[in-house]
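Note that the structure is a prediction, hence the values are computed from the model and not measured. Values below: all heavy atoms of this structure, side chains included; hydrogens, waters and symmetry mates excluded.
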Amino acid sequence: MRLRLRLFEFEDLPWFPAVIRAGMMDYLRFMISALGTYRPIAPLLAEGLARTGQQRVLELGAGAGGGTETVLAALRAHGQPDTTILLTDLYPQPTAWADIAQRTRGAIGYEPAAVNALAVPPELTGFRAIFSAFHHFPPDAAEAMLRDAVRAGTGIGVFEGAGKHWWELLLAWTVLPVAQLLLTPFFRPFRFSRLVFTYLLPLIPLCTIWDGSVSLLRMYSTTELMNLARAADPNGRFVWQSGKKRHWWGPEVTYLIGWPATSDQ
């Protein structure tokens, strides 16, 4: 799919009800975790951690923390036994994050204050990573995020849980909404509001269909990701890679990853 449209997503709108946003994020977290969406990129992220000598992943735009536990387990299986993850977001979700922190016995922690991914506070250290959220940023902001990582001298990985294909758009309109209706009662932590806005007034599934479709249309291609990296790092301080990693059962993850060139020697 070569088409790239800058349409709006409901979850980006400041006035969008928090209860609906939380319900959408709960669904995404469940599906990304259940499908192991980001397992294929674990070797890339493990290499980034090893090359930069870091043991913590600083996750930007973490949303509800979807898939983070899977990523942690995969990293530890790829030679990073002491890895931890810190969740951050401009719209923190401490309730959802506290549940993850408890299940992982603190290996996945969180920053309760709002964190701007374009200007990360210097005290929040770690190899930066952003999952399923880079497409939310227009080119100027996306470039600024990469530039901030270069300026800080830390590595950064950008990962989108799709390969940007037309058949993925078809799934967003058909199979995934059915899965959402069937699985919603099993999402944890339990929220009565989630049931109300899924079955009585189906705002959560309808907004999820729209945002999922728009997310795919807004995704950057691998070429666009490399162009953003070069613009953010004109002096070549980082080593950059961009491409796609495929699950054994078909779906792809699109990625951009970079670390300081000195760590690549």
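Inter-residue side-chain proximity for Val158 and Ile257 is flagged as unmet; no heavy-atom pair is nearer than 4.5 Å. Considering only heavy atoms from C-beta on, Glu69 comes within 4.5 Å of Thr104 through its side chain. Side-chain contact check for Thr254 versus Met219: some heavy-atom pair is nearer than 4.5 Å. In this structure, the side chains of Leu86 and Val57 stay at 4.5 Å or more apart for every pair of heavy atoms. A heavy-atom distance below 4.5 Å is found between the side chains of Thr70 and Arg39. Phe10 has its side chain out of reach of Ile20: every pair of non-hydrogen atoms, C-beta onward, lies at least 4.5 Å apart.
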Would you sort out whether Glu252 and Lys245 count as a salt bridge (charged side-chain N to carboxylate O under 4.0 Å, His left out), showing the intermediate values? CA-CA 5 Å; Glu252 294 177 322; Lys245 289 289 187 179; over 6 Å; no
For side chain to side chain donor-acceptor pair (under 3.5 Å), just list the numbers for Tyr38 and Ser132, CA-CA rounded to whole Å, side-chain angles, deciding distance to a tenth of an Å, and then say yes or no. CA-CA 10 Å; Tyr38 290 109; Ser132 299; 2.2 Å; yes
Run the numbers on His135 and Glu9 for side chain to side chain donor-acceptor pair (under 3.5 Å), then give the verdict. CA-CA 10 Å; His135 63 271; Glu9 292 185 55; 3.3 Å; yes
Side chain to side chain contact (heavy atoms under 4.5 Å, CB included) assessment of Phe134 paired with Met145: CA-CA 9 Å; Phe134 196 68; Met145 185 192 303; 3.8 Å; yes
Apply side chain to side chain contact (heavy atoms under 4.5 Å, CB included) to residues Phe30 and Thr184 and explain how you reach the verdict. CA-CA 9 Å; Phe30 182 93; Thr184 289; over 6 Å; no
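The two residues Trp97 and Tyr110 come nearest to each other via the heavy atoms CE3-CB, 3.3 Å. Scanning all heavy atoms of the two residues, the minimum distance from Trp240 to Gly258 falls at CE3-CA, 3.6 Å. Shortest non-hydrogen contact noted between Ala133 and Glu160 is N-OE1, 3.8 Å. Across Pro121 and Val115, no two heavy atoms sit closer than the pair CD-CG1, 4.0 Å. Nearest heavy atom pair, residue Ala232 against residue Leu146, reads CB-CB, 3.6 Å. Heavy-atom minimum distance, Pro260 versus Thr52: CD-CG2, 3.9 Å.
With hydrogens and angles disregarded, a donor-acceptor distance shorter than 3.5 Å links the side chain of Thr88 to the backbone of Glu59. Of the possible donor and acceptor atoms, one in the side chain of Asn116 sits under 3.5 Å from a partner among the backbone N and O of Leu118. Between the side chain of Glu224 and the backbone N or O of Ser221 there is at least one donor-acceptor pair closer than 3.5 Å. Glu111 contributes a side-chain N or O that, together with a main-chain N or O of Ala113, makes up a donor-acceptor pair within less than 3.5 Å. A donor-acceptor pair under 3.5 Å is formed between the side chain of Thr154 and the backbone N or O of Gly126. At distances below 3.5 Å, not a single donor-acceptor pair connects side-chain atoms of Tyr199 with backbone N or O atoms of Arg194. A donor-acceptor pair under 3.5 Å is absent between the side-chain atoms of Thr198 and the main chain of Leu195, judged by distance alone.
Ring centroid separation for the pair Phe192 and Phe190 does not come in under the 6.0 Å cut-off. The aromatic ring centres of Trp210 and Phe8 sit less than 6.0 Å apart.
Here Gln93 contributes atom CD and Asp26 contributes atom CG; the two are 7.0 Å apart, rounded to the nearest 0.5 Å.
Cluster membership for Val19 and Leu201, using ILVMFWY side-chain heavy atoms within less than 4.5 angstrom, is shared. Under a hydrophobic clustering in which Ile, Leu, Val, Met, Phe, Trp and Tyr are joined whenever their side-chain heavy atoms come within less than 4.5 Å, directly or via other members, Phe16 and Tyr27 fall into the same cluster. Leu90 and Ile130 fall into different hydrophobic clusters, where Ile, Leu, Val, Met, Phe, Trp and Tyr are joined by side-chain heavy atoms under 4.5 Å apart, directly or via other members. Note on Trp15: it clusters hydrophobically with Leu203, by side-chain heavy-atom contacts below 4.5 Å among ILVMFWY residues. Taken together through direct or relayed side-chain contacts under 4.5 Å among Ile, Leu, Val, Met, Phe, Trp and Tyr, Ile204 and Tyr91 form parts of separate hydrophobic clusters.
Sorted by first and then second residue, the pairs that involve residues 124-146 and meet salt bridge (Lys or Arg N to Asp or Glu O under 4.0 Å), not counting sequence neighbours, are Arg128-Asp148, Glu143-Arg147.
Between Arg218 and Asp211, none of the side-chain N atoms (NZ, or NE/NH1/NH2) sits under 4.0 Å from a carboxylate O, so this pair counts as no salt bridge. Checked for salt-bridge contact, Glu11 and Arg21 miss the test: no charged N lies under 4.0 Å from a carboxylate O.
A search for side chain to side chain contact (heavy atoms under 4.5 Å, CB included) contacts involving Thr84 returns Arg56, not counting sequence neighbours.
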